[in-house]
Amino acid sequence: MEKTKKKTSLPHDHGHENEEKIREHMPGENEIAGVSEALKQLGDPSRLRIFWLLCHCEECVLNIASIVNMTSPAVSHHLRLLKSSGLITSRREGKEMYYRTADTELAQVLHHTIERLGKITCPEED
């Protein structure tokens, strides 16, 4: 016996032709949680600058702090949040930790979106 999908009607019919198709493709809360978390982390200007920097180079905390004119503890805090949201990764070399943007589609799309919205030229394009 074939299962049929029960069509639910909305309180107001606005005559949208693609309404059912749109509703079928609407992402669930779990599906969009990672994107929401990433956008939340990039809502902070300091984290946004750090993320953008790490899209273009791998750096240690001391150098990041110098480049963005912040203290090392403040940068470390932002790096923890960016890393927990999956936007950056780290590697250890001796006693030094190096950070860079994660090699994910989400991080790449956000990088390019930031540059397009901010009309920022990517250093590789100069």
Side-chain angles (χ1 to χ4, degrees):
M1 183 171 176
E2 185 179 317
K3 287 186 178 183
T4 57
K5 203 175 213 181
K6 184 179 176 186
K7 184 178 177 180
T8 58
S9 59
L10 295 176
H12 297 170
D13 181 7
H14 297 289
H16 299 296
E17 292 178 22
N18 296 336
E19 179 182 309
E20 191 62 33
K21 190 173 188 177
I22 292 168
R23 291 171 64 189
E24 286 175 10
H25 288 85
M26 180 72 166
E29 288 181 30
N30 290 338
E31 293 172 297
I32 206 136
V35 176
S36 176
E37 181 60 28
L39 291 173
K40 187 185 318 178
Q41 295 309 321
L42 294 179
D44 179 274
S46 296
R47 280 193 292 277
L48 187 58
R49 289 181 71 219
I50 292 168
F51 175 76
W52 182 87
L53 171 67
L54 296 176
C55 288
H56 299 283
C57 63
E58 181 180 66
E59 277 299 349
C60 67
V61 174
L62 289 176
N63 286 354
I64 296 168
S66 177
I67 292 167
V68 298
N69 197 28
M70 295 174 67
T71 66
S72 294
V75 167
S76 293
H77 169 74
H78 290 302
L79 290 170
R80 271 192 304 279
L81 293 171
L82 289 168
K83 189 171 180 182
S84 71
S85 66
L87 291 174
I88 66 169
T89 61
S90 63
R91 71 174 179 87
R92 180 176 297 281
E93 189 173 302
K95 293 182 179 183
E96 199 76 59
M97 279 298 252
Y98 291 90
Y99 296 88
R100 65 179 173 83
T101 304
D103 188 20
T104 63
E105 183 180 6
L106 177 60
Q108 290 172 12
V109 168
L110 289 171
H111 166 220
H112 294 296
T113 301
I114 291 163
E115 291 184 343
R116 291 200 66 182
L117 289 175
K119 296 183 172 115
I120 302 166
T121 304
C122 190
E124 289 84 17
E125 296 174 4
D126 279 346

When you group the ILVMFWY residues by side-chain heavy-atom contacts below 4.5 Å and let the links chain together, are [Y] and [X] in the same group?
| X | Y | value |
| --- | --- | --- |
| Ile32 | Leu39 | yes |
| Leu42 | Val35 | yes |
| Met70 | Leu79 | yes |
| Ile114 | Val109 | no |

Report task. Let me see the working for Leu87 and Thr104 under side chain to side chain contact (heavy atoms under 4.5 Å, CB included), right down to the final yes or no. Result -> CA-CA 8 Å; Leu87 291 174; Thr104 63; 5.7 Å; no
Requested in this report: Identify the two heavy atoms, one from Ser72 and one from Val61, that lie closest to each other, and give their separation to 0.1 Å.
Outcome: O-CG1, 3.7 Å
**Report entry** Closest non-hydrogen atom pair, Ala102 against Ala107
**Finding:** O-CB, 3.4 Å
Query raised in the report: In a check of side chain to side chain contact (heavy atoms under 4.5 Å, CB included) between Cys55 and each of Gln108, His111, Arg100, which one passes?
Result: His111
Any residue meeting side chain to side chain donor-acceptor pair (under 3.5 Å) with [X], in chain and number order, not counting sequence neighbours:
| X | value |
| --- | --- |
| Ser90 | Lys83 |
| Arg116 | none |
| Asn69 | none |
| Glu96 | none |

Report task. Determine whether Thr101 and Leu82 make a side-chain contact, defined as any pair of heavy atoms from C-beta on separated by less than 4.5 Å. Result -> no
Within this structure, what is the [atom1]-[atom2] distance for the pair [X] and [Y], rounded to the nearest 0.5 Å?
| X | Y | atom1 | atom2 | answer |
| --- | --- | --- | --- | --- |
| Asp103 | Ile88 | CG | CD1 | 14.0 Å |
| Cys57 | Ile67 | SG | CD1 | 5.5 Å |
| Thr89 | Glu58 | OG1 | CD | 7.5 Å |
| Thr113 | Leu106 | OG1 | CG | 9.5 Å |

Query raised in the report: Hey, does the side chain of His77 reach the backbone of Pro73 with a donor-acceptor pair shorter than 3.5 angstrom?
Result: no
Report summary line: Across all chains, not counting sequence neighbours, the salt bridge (Lys or Arg N to Asp or Glu O under 4.0 Å) partners of Glu29 are none
Side-chain donor-acceptor pairs of residues 44-54 under 3.5 Å, sequence neighbours excluded:
residue, atom, partner, partner atom, Å
Asp44, OD1, Ser46, N, 2.9
Asp44, OD1, Arg47, N, 3.0
Arg47, NE, Gln41, O, 2.9
Arg47, NE, Gln41, OE1, 3.2
Arg47, NH1, His78, ND1, 3.1
Arg49, NH1, Val68, O, 3.4
Trp52, NE1, His56, NE2, 3.3
Trp52, NE1, Glu115, OE2, 2.8

Query - Basic-acidic side-chain contact under 4.0 Å: Lys40, Glu37 - result: yes
